[in-house]
Amino acid sequence: MITAAVGLSHSPLIGKNDPAPDVLAAVDAAVDEARAFVRAFDPELVVLYAPDHYNGFFYKEMPPFCLATEANAVGDFGSAAGPLSVDTEAARAIARDVLDHGVDLTISARMTVDHGFVQPLEVLFGGIDRVPVVPVFVNGVATPLGPVSRIRALGTAIGEAAAELDRRVLFLGSGGLSHDPPVPVLDGAPPRVADALIEGHPPTPEQRLRGEQRVIQAGRDYAAGSTAMIPINPEWDNLVLDTLAGGRLEDVDGWSVEWMGAEGGGSAHEVRTWIAAFASLAATGKYRMTSRFYRAIPEWIAGFAVATATQEATR
Ligand SMILES: O=C(O)CCC(=O)/C=C/C=C(\O)C(=O)O
Ligand SMILES: [Fe+2]
């Protein structure tokens, strides 16, 4: 089988609070390159690693990661709503294999997903129903978070399982890099917010709109420099990208949860999706990063990156 990987940052502020035209043009060019890479690779299956932002997973039960055999998008921040084209048979086969390899995978037979899953499918494929996909939720915001070594183990086990399918498989990671957007936190939350984070009451359209407007205003404040959110950290972001580009995935086992948060902010743990995707690719053979783009974009509250990689022997 042939495998490839793409890492792509997401942001709910894309198209809503855009940076200067030259920055936007640079991002568009990088995304175009990733799109061309994906088109040329022509995947028969996409294993999509993405986080959730309290739309699908809540503290009532919060797994560190979870694989879906069916998934529905909520349609937050203007992203598409409705069913993802999940390859249920492939998802079940991968899940069985991962469990056999000793990784305690949670399974969802009907996962609710948000812009974290939808954006990369829309950006790279033009919709949520264009390519067979196996969605894998990777918790990147709800503390306490487990060791990053377990995410590498998950990615490795899924890569090994995907290798058994004899198909062209793209491993896609959605999120990161350093960023500190206004995602609610359970610790110290007022009772009403805590209850919503635990129980997961679906918001009314008005509540959703208010939440989205709060995030847009936060993006404006952040870009204007008037905010308590921690700054984007290009140095740390490039360390992450260097580690992935160099194939030094074992290094991440030494990255503590606290260090990642201190360097990269409250949502830096979304890079777990990239780690899982690259660990999956590494499990199928030596790889090479074929393109890499990075820009700190305060308007999107994002250390924004796009990278592509493929097996060394295939290209
Ligand atoms: O209502 C809310 O507060 C929702 C906040 C939210 O979903 C923020 C998401 C931010 C990202 O996905 C990101 O920057 O990665
Ligand atoms: Fe996110």
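Only this structure's heavy atoms are used, side chains among them; waters, hydrogens and symmetry mates stay out. Numbering of ligands and ligand atoms starts at 1, following listing order.
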Below 4.0 Å from any atom of ligand 1, is there a heavy atom belonging to G175?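 Under 4.0 Å: no for G175.
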Is ligand 1 less than 4.0 angstrom away from at least one heavy atom of H115?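 So H115 counts as touching ligand 1.
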Does an N or O from [X], backbone or side chain, lie closer than 3.5 Å to an N or O of ligand 1?
| X | value |
| --- | --- |
| H10 | yes |
| D76 | no |
| E270 | yes |
| E212 | no |

Report the part of F77 (side chain from C-beta onward, or backbone N, CA, C, O) that has a heavy atom under 4.0 Å from ligand 1; answer both or neither where that applies.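 For F77, the contact with ligand 1 is made by the side chain alone.
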Of the backbone atoms (N, CA, C, O) and the side-chain heavy atoms from C-beta on, which set of R208 has a member under 4.0 Å from an atom of ligand 1: side chain, backbone, both, or neither?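 It is neither; nothing of R208 touches ligand 1.
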Looking at [X], which atoms of ligand 1 are within less than 4.0 Å of one of its heavy atoms?
| X | value |
| --- | --- |
| P182 | 3 (O), 5 (C) |
| P12 | 9 (C), 10 (C), 11 (C), 12 (O), 13 (C), 14 (O) |
| V183 | 8 (C) |
| P181 | 10 (C), 13 (C), 14 (O) |
| G211 | 1 (O) |
| V215 | 5 (C) |

For T308 and E33, does a side-chain donor sit closer than 3.5 Å to a side-chain acceptor?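 No, E33 and T308 have no side-chain donor paired with an acceptor closer than 3.5 Å.
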Would you say [Y] ends up clustered with [X] if hydrophobic residues are merged whenever their side chains have heavy atoms under 4.5 Å apart, either directly or through other cluster members?
| X | Y | result |
| --- | --- | --- |
| Y54 | V193 | yes |
| L145 | W236 | no |
| V118 | V74 | no |

Would you please name every residue forming a ring pair (Phe, Tyr, Trp, His ring centres under 6.0 Å) with F77, sequence neighbours left out?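 H115.
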Among residues at least two apart in sequence or on other chains, which ones pass ring pair (Phe, Tyr, Trp, His ring centres under 6.0 Å) with Y222?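 Per chain and number, Y222 pairs via ring pair (Phe, Tyr, Trp, His ring centres under 6.0 Å) with no residue.
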Partners of R192 by side chain to side chain contact (heavy atoms under 4.5 Å, CB included), sequence neighbours excluded?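 By the side chain to side chain contact (heavy atoms under 4.5 Å, CB included) rule, R192 matches no residue at all.
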Centroid-centroid distance, F278 to Y287, less than 6.0 Å: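 Between F278 and Y287, the centre distance is under 6.0 Å.
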Could you grab the distance from atom [atom1] of [X] to atom [atom2] of [Y], nearest 0.5 Å is fine?
| X | Y | atom1 | atom2 | value |
| --- | --- | --- | --- | --- |
| L124 | S174 | CG | OG | 9.5 Å |
| L186 | Y59 | CG | OH | 5.0 Å |
| I216 | D221 | CD1 | CG | 12.0 Å |
| R295 | D237 | CZ | CG | 13.5 Å |

Starting from atom 15 (O) of ligand 1, locate the nearest protein heavy atom and write down its residue, its atom name and how far away it is, to 0.1 Å.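 Residue, atom and distance for the closest contact: H179 NE2, 2.9 Å.
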Which protein non-hydrogen atom lies closest to atom 1 (O) of ligand 1, naming both residue and atom, and how far is it?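 I find the closest protein heavy atom is R214 NH2, 3.4 Å.
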Donor-acceptor pair, distance only, cut-off 3.5 Å: does the side chain of S108 make one with the backbone of R110?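 Looks like yes, one N/O pair under 3.5 Å.
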NZ/NE/NH1/NH2 to OD/OE distance under 4.0 Å, R292 and D242: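 Looking at R292 and D242, the cut-off is met.
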What protein N/O/S atoms are there under 2.8 Å from the Fe ion (ligand 2), waters excluded?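 Under 2.8 Å from the Fe ion (ligand 2) - ignoring waters, which are not counted - the protein N, O or S atoms are H10 NE2, H53 NE2, E270 OE2.
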